Trainee: 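My structure is below; once you've seen it, I'll send some questions.
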Amino acid sequence: MITIQNLHKYFGDLHVLKGIDLTVAKGEVLSVIGASGSGKSTLLYCINALEAIQDGEIAVDGISVHNPGTDINKLRQRLGMVFQQWNSFPHLTALENVALSPRIVKKKSRAESKEIAMKQLHHVGLGDKINVYPNALSGGQQQRLAIARALAMEPDYMLFDEVTSALDPELVGEVLDTMRLLADEGMTMICVTHEMGFARDVSDRVAYFHEGVIEEIGPPSQIFENQKSEQTKKFLAKVR
Amino acid sequence: MDYNFHWRPVFRSLPDILEAATKTLEVSILSIFLGIAFGVLLAVAKMNGPRPARWLAISWIELARNTPALFQLFFFGFGLGAFGIHFSPYMIILLGLTFNNAGYLAETFKGGFNAVPPTQLRAARSLGMTPVQAYVRIVMPQVFKIVYHPMTNQLVWAVLMSSLGMLVGFRELSGETQFFASKTFRIFEYFAVTAVIYYVIVKFILGVSRLIAWRAFRWGDT
Amino acid sequence: MEIKFFTGLQFSDLGFLGEAALKTLMVSGVAIGAGTLLGILFGWILYQGRWVAAASLGLVLDAFRSVPLIIQLVLFFNLFPILGLPLEPFTAGAIVLAFYTSALVASIVQGGIEAVEKPMRRAARSLGMSYWQDMIYVVWPIGLRAVFPSWVGVALSVIKDSALVSVLGYVELLRASQILMTRTQEPFIILSVVGAIYFAISFPLGLYGQHLEKKWSS
């Protein structure tokens, strides 16, 4: 379980997150929607400590994320993250990209890491690309590679930061399908996304972010049909 | 034109001249490796170091880049000589070339570091890698690819600059040529042959470099 | 009879150094000026790339950059007496430096012309501009901004390399410093002063180039 209490985040003088309270249960799929700049991606980066926080508490399975005493490298092994710009490592083949972290972070043997990597690459549908370098893969394939890379660490939670926003339209589907597959398998997921269809069909809950606070949160039926907030209605009207 | 070209003395001295050419390669390559080592340290000091280290790094880099190479050699020769420190001609060249290389390469490395997207580091850390693991495994290989071409150019530069050995008494390719030329007064013939030798050396270095790049950087441009 | 071989540093020596600094700037200036003009011409020829001239020119310019400058200077200086034309160190040095500069400038110019993207030039041509109008009104202004920083780098390089003309006997700044060091036996002070002079010439020019680069890239 991930718990966030009264989270405040500043970029210099800019107050980006203004008191976020959120709990994500095991097995839940939470979609986060909202306008650009509303703080959605920043929230994800705070959860795995890629960004520091100025006030509040974030705990993953009871372990405080921002406590100086916490072994953050160990904690990050439980949190898999996939970025908008996939960030595949260009100097490694697909297989090496996925097998590297299990080997050097989890200290698994080469053989075991390779096995895990093969399994995850097949899992996301890249079984035939194991010895290919990222520069020979399409955006969609590189994004799936990034997902496989994160999955290879056997995380309990997956964080997706607008992972389809940088893709050509025809490549979006294959990535969303992979995410759907993970959701069906019971993975706990927090997905910052602009894909309303995905948010509505796959999520257990949807959180609408507006100007640094969670304006409204609830099941898709509430957010997309029976909005409690005018602001939510306005936002959805614009994106339809 | 009543000048007779006398090439034979040149060809007779060729073995000695070619042996001197190996000295050229030796001092140049050594100065590049040392230059890389110091260059990386200078780059890191300039980007992340404490105040005095930054100041030292900046001074070194700016001095190396804003004064003539020959001047830098004079410093290691005459300048240190004033304090009683006397180096052999070989050392003067090695120190001078290394000093110069380090200064230029530091800027190259800084540029290389900055050119690797910070998102690569983020991705590596998000997978649980320690900072050291992330830098060594993910950032440095990419930096190396970016700086490879400038580094090769710096090596060529070092080879060309080593010719200044002629002026400090170091018998590398130019120095050896000067020695024979002044003995026989066949200055043009000797230096013409040496010019060709330098050309061949430079082309060879560039060729080998391209070959290595082709093999090592097959992951190419995205 | 007392023969004074070594005398201390005197004020007139500063004048000596100053004059030598001017000599440095003189030979560099000529070389950079002539070399840049030649380099622009050569660069354009290389860009065309169609004629045999371009290929052989490329080879020759490449040679200028693959042979040490000092070798080129000695070679050239000794070639002309052979042909019966004695040359002054200044002239020989300036000519060699000019061709060396032109080789560097040519590759910059070639890259600069190529850097002006085809679509922009196609737009110009489709508006009815002739080849030369396109070159003058589109390629030149845009390309200039792209290559100026590199050109400043070349100019600074040549100013520093001009120290080598001293090998031919030309008393520029570095040779002057050598003469003074031998006479006064005060190498450290002289090197510091001379170093400062080189720095004073090179550093501000470099900063100016960077400043322009920043200004023009916005």
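Below, all heavy atoms of this structure are taken into account, side chains as well, without hydrogens, waters or symmetry copies. Given the structure is predicted, the values throughout are model-derived calculations rather than measurements.
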Trainee: Go through A/A49, A/A136, A/S88, A/G80 and name the one with the most non-hydrogen pairs under 4.5 angstrom from chain B.
Mentor: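 Result: the option with the highest number of such pairs is A/S88.
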Trainee: So which part of B/Q142 gets closer than 4.5 Å to some heavy atom of chain A, the side chain, the backbone, both or neither?
Mentor: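 It is the side chain, since no backbone atom gets that close.
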Trainee: Return yes when atom CZ of B/R54 has more than 12 non-hydrogen atoms of other residues, nucleotides or ligands closer than 6.0 Å, and no otherwise.
Mentor: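 Not buried by this count: 12 neighbours or fewer within 6.0 Å.
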Trainee: Could you tell me whether B/Y90 atom OH has more than 12 heavy atoms of other residues or ligands within 6.0 Å of it?
Mentor: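 Above 12, so yes.
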Trainee: For B/A123 and A/N87, work out which heavy atoms get closest and say how close.
Mentor: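 Minimum heavy-atom contact is CB-CB, 3.8 Å.
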Trainee: Give a yes or no on this: more than 12 heavy atoms of other residues, nucleotides or ligands lie within 6.0 Å of atom CZ of B/F38.
Mentor: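 Result for CZ/B/F38: open.
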Trainee: What distance do B/I138 atom CD1 and A/H91 atom NE2 have between them, rounded to the nearest 0.5 Å?
Mentor: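 These two atoms lie 4.5 Å from each other.
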Trainee: Heavy-atom count around B/K203 NZ within 6.0 Å, excluding the residue itself: above 12?
Mentor: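 Result for NZ/B/K203: enclosed.
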Trainee: Evaluate A/Y45 against B/S126 for side chain to side chain contact (heavy atoms under 4.5 Å, CB included), listing each step before the verdict.
Mentor: CA-CA 9 Å; A/Y45 294 137; B/S126 77; over 6 Å; no
Trainee: If you count heavy-atom pairs under 4.5 Å with chain B, which of A/L79, A/L100, A/I72 comes out on top?
Mentor: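 Winner by heavy-atom pair count: A/L100.
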Trainee: Looking just at side-chain N and O atoms, do B/R125 and A/N48 make a donor-acceptor pair shorter than 3.5 Å?
Mentor: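 Result is no, nothing qualifies.
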Trainee: Closest heavy-atom contact between B/L127 and A/M153?
Mentor: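 Closest pair (atom of B/L127, atom of A/M153, distance): O-CE, 3.1 Å.
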Trainee: Is any side-chain heavy atom of B/T119 less than 4.5 Å from a side-chain heavy atom of A/Q85?
Mentor: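 They are not in contact (no side-chain heavy atoms under 4.5 Å apart), so the answer is no.
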Trainee: Let me know if A/E96 has heavy atoms under 4.5 Å from chain B in its side chain, its backbone, both or neither.
Mentor: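 Interface part for A/E96: neither.
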Trainee: Filter on side-chain hydrogen bond (donor to acceptor under 3.5 Å, both in side chains), then keep only pairs touching residues 74-84 of chain A, sequence neighbours left out; what's left?
Mentor: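 Sorted pair list: A/D61-A/R78.
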Trainee: Cut-off 3.5 Å, side chains only: do B/T130 and A/N73 have a donor facing an acceptor?
Mentor: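 B/T130 vs A/N73: no donor-acceptor pair found between side chains.
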Trainee: For A/R180, I'd like to know if atom CZ has over 12 heavy atoms of other residues, nucleotides or ligands within 6.0 Å.
Mentor: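 Atom CZ in A/R180 is packed in, count exceeds 12.
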Trainee: Do B/R137 and A/F89 meet the cation-pi criteria used here (NZ or CZ under 6.0 Å from the six-membered ring centre, within 45° of the axis)?
Mentor: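 Not flagged: B/R137 not positioned over aromatic ring of A/F89.
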Trainee: Flag yes if more than 12 heavy atoms outside A/K106 fall under 6.0 Å of its NZ atom; otherwise flag no.
Mentor: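 Check passes, neighbour count above 12.
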Trainee: For A/Q54, does the CD atom have more than 12 heavy-atom neighbours from other residues, nucleotides or ligands under 6.0 Å away?
Mentor: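 Atom CD in A/Q54 is packed in, count exceeds 12.
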Trainee: Take atom CZ of B/F33 as the centre, draw a 6.0 Å sphere, and report whether it contains more than 12 heavy atoms from other residues, nucleotides or ligands.
Mentor: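 Check fails, neighbour count at 12 or below.
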Trainee: Measure across A/I104 and B/Q133 and return the closest heavy-atom pair with its distance rounded to 0.1 Å.
Mentor: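 Smallest heavy-atom distance, with atoms named: O-NE2, 2.8 Å.
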